[in-house]
Amino acid sequence: MDDNHLGDFLRARRAALRPHDVGMPSHGTRRVAGLRREEVAVLAGVNADYYTRLEQGRERNPSPQVIDALSHALHLDEDAGTHLYRLAGATPGDDRLSPHSTGRVSPALRQLMDGYPNTPAFVMNRTLDLLAVNALAQALYSAFAPADNLARMTFLDPAGPTFYTDWNRAAQATVANLREATGFEPDNPRLRELVNTLTEHSTDFARLWQSHTVRGKTQDAKHFLHPDVGPLTLTYQAFDVREAPGQQLVIYHAEPGSPSAHSLHLLGSLHATRRQAHPQHTADQPTQPGDPHR
């Protein structure tokens, strides 16, 4: 990972737009992908030299007014616009945390998750490490060894391409979630290590990472193919943990009465039976970020 996060993001988003996307005419032969720097400057109402300095990393602290103008010029959605604010160090009440501040899940939150016996629930941090899981989430991700980090599981675990029915969509969403983390903690050693490892061992990740697509995890439908119960279509909701900024509680559920609801119930029963047969595994928990056994 380089240290010109702001410039890289601006350059990638500029390259993703064409003149017709922003209502501008195109004249002559274009030697760059997407918009020219001068065109973005015109759209944002800023000096072209100033915008060039932003991309080159020679200017790193644009005003909120300039950030808003660039967001509009580059057609950024809410997640990407917020990410741009963070990269520029202009997020109100900057809540960036050290990588060690979001690694512990409170006993009360673990108890809450265990109170959902019929639906998978887990807590993750910004780098997509699974910090705690309930019994059914453990069963859901039982195909992975280990079930430790959603990005590693998607790109490097042999089970990933089979488990995620629409792997391409899952991969794109995972990278967009991980890219958002760079806006909060660009110098997080865990994030740097993870991105370097994924880039080195997955050409798909390396390609998607360069797109600079940003997306937060809120709600969506997911399609899985579980080795024990077959196809599952689950919808998730993600909730920020107020007492531990950077943590999210993710809860999956199936449509009541659907085949997926039946399969999820069956999965829970199978997992409970196995736990009774092998009680030594009942205390298994995801490894903590930075654990050498990842």
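Predicted model only: the values in this text are computed from it and were never measured.
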Quiz item: Would you say the side-chain atoms of T199 pair up with the backbone N or O of N196, donor to acceptor, closer than 3.5 Å?
Solution: no
Self-check item: Whether H83 side chain and H212 backbone form a donor-acceptor pair below 3.5 Å
Solution: no
Quiz item: For residues D129 and T127, is any side-chain donor paired with an opposing acceptor at under 3.5 Å?
Solution: yes
Exercise. Please check if L70 and V42 belong to a single hydrophobic cluster, counting links between Ile, Leu, Val, Met, Phe, Trp and Tyr side chain heavy atoms closer than 4.5 Å.
Key: no
Self-check item: From L267 atom CG to S269 atom OG, the distance as rounded to the nearest 0.5 Å
Solution: 8.5 Å
Quiz item: Under the 3.5 angstrom rule, does the side chain of S263 hit a backbone N or O of S260 as a donor-acceptor pair?
Solution: no
Quiz item: Would a distance-only check, ignoring hydrogens and angles, find a side-chain to backbone donor-acceptor pair under 3.5 Å from N149 to L130?
Solution: no
Self-check item: Single-linkage hydrophobic cluster, 4.5 Å side-chain cutoff, L74 and M24 together
Solution: yes
Exercise. Kindly give the heavy-atom pair with the smallest separation between L136 and P117, and that separation in Å.
Key: CD2-O, 4.0 Å
Self-check item: Non-hydrogen atoms of E38 and A48 that approach each other most closely
Solution: CG-CB, 4.4 Å
Quiz item: How close do R110 and A132 get, heavy atom to heavy atom, and via which atoms?
Solution: NH1-CB, 3.6 Å
Exercise. With rounding to the nearest 0.5 Å, note down the distance linking CG in L266 to NE2 in H226.
Key: 10.0 Å
Practice problem: Search all heavy atoms of A73 against all heavy atoms of L17 and return the closest pair with its distance. | Solution: O-CD1, 3.9 Å
Exercise. Drop me the distance from L131's CG to M124's CE, to the nearest 0.5 angstrom.
Key: 9.5 Å
Exercise. Ignoring hydrogens and angles, tell me if any N or O in the side chain of R152 forms a donor-acceptor pair with the backbone of P146 under 3.5 Å.
Key: yes
Quiz prompt | Closest contact, heavy atoms only, G183 versus R86 | solution = O-CB, 3.0 Å
Self-check item: OH (Y236) with more than 12 external heavy atoms under 6.0 Å
Solution: yes
Exercise. Mind checking side chain to side chain donor-acceptor pair (under 3.5 Å) for D187 and listing every partner two or more places apart, or none if nothing turns up?
Key: none
Quiz prompt | Qualifying salt bridge (Lys or Arg N to Asp or Glu O under 4.0 Å) pairs, either residue in residues 224-245, two or more places apart | solution = D228-R274
Self-check item: Derivation of the side chain to side chain contact (heavy atoms under 4.5 Å, CB included) call for V250 and Q237
Solution: CA-CA 6 Å; V250 180; Q237 295 273 351; over 6 Å; no
Quiz item: Side-chain contact, heavy-atom cut-off 4.5 Å: E185 with R190?
Solution: no
Quiz item: Below 4.5 Å, heavy atoms only, C-beta onward: do I251 and F239 meet side chain to side chain?
Solution: yes
Quiz prompt | Side-chain heavy atoms of Q172 within contact of L208, under 4.5 Å | solution = yes
Self-check item: side chain to side chain donor-acceptor pair (under 3.5 Å) involving D114 - partner list, sequence neighbours excluded
Solution: none
Quiz item: Less than 4.5 Å apart, any side-chain heavy atom of P19 and any of R36?
Solution: no
Exercise. Applying side chain to side chain contact (heavy atoms under 4.5 Å, CB included), run through L128 and L194 and close with a yes or a no.
Key: CA-CA 10 Å; L128 308 185; L194 180 62; 5.7 Å; no
Quiz item: Quick one: does L150's side chain get under 4.5 Å of Y141's, heavy atoms only?
Solution: yes
Practice problem: Supply the atom-to-atom distance L270 CG to H265 NE2, rounded to the nearest 0.5 angstrom. | Solution: 10.0 Å
Self-check item: Within one Ile-Leu-Val-Met-Phe-Trp-Tyr cluster: V46 and L10, side-chain cutoff 4.5 Å
Solution: yes
Quiz item: Any donor and acceptor pair, going by atom type alone, linking the side chain of Q247 with main-chain N or O of R104 inside 3.5 Å?
Solution: yes
Quiz item: Any Lys/Arg nitrogen of D21 or R18 sitting under 4.0 Å from an Asp/Glu carboxylate oxygen of the other?
Solution: no
Exercise. Give a yes or no on whether the backbone of A171 and the side-chain of D204 come within a donor-acceptor separation of less than 3.5 Å.
Key: no
Self-check item: Smallest separation among heavy atoms of A121 and A137, with atom names
Solution: O-CB, 3.4 Å
Quiz item: Can you find a pair of side-chain heavy atoms, one from D8 and one from R11, that are under 4.5 Å apart?
Solution: yes
Quiz prompt | Pairs meeting criterion ring-ring contact (aromatic ring centres under 6.0 Å, His included) with involvement of residues 55-80, two or more places apart | solution = none
Quiz prompt | Atom pair NE2 (H253) and CG (L234), whose distance is rounded to the nearest 0.5 Å | solution = 8.5 Å
Practice problem: Rounded to the nearest 0.5 Å, what's the gap from CZ on R179 to CH2 on W209? Could you check? | Solution: 4.0 Å
Self-check item: Beyond-backbone contact of T182 with F9, side-chain heavy atoms, under 4.5 angstrom
Solution: no
Without placing hydrogens or testing angles, list every side-chain donor-acceptor pair under 3.5 Å for residues 158-167, not counting sequence neighbours.
| residue | atom | partner | partner atom | Å |
| --- | --- | --- | --- | --- |
| T165 | OG1 | H223 | O | 3.4 |
| D166 | OD1 | R169 | N | 3.3 |
| W167 | NE1 | T154 | O | 2.9 |

Quiz: residues 54-64 side-chain donor-acceptor pairs under 3.5 angstrom, not counting sequence neighbours:
| residue | atom | partner | partner atom | Å |
| --- | --- | --- | --- | --- |
| E55 | OE1 | R14 | NH2 | 2.9 |
| E55 | OE1 | R37 | NE | 2.9 |
| E55 | OE2 | R14 | NE | 2.7 |
| E55 | OE2 | R14 | NH2 | 3.4 |
| E55 | OE2 | Y51 | OH | 2.6 |
| Q56 | OE1 | R58 | NE | 2.8 |
| Q56 | OE1 | R58 | NH2 | 2.8 |
| E59 | OE2 | N61 | N | 3.2 |
| R60 | NE | G57 | O | 3.1 |
| R60 | NH1 | D3 | O | 3.1 |
| S63 | OG | Q65 | OE1 | 3.3 |
| S63 | OG | V66 | N | 3.2 |

Self-check item: Flag side-chain contact, heavy atom, 4.5 Å: Q248 against V241
Solution: no
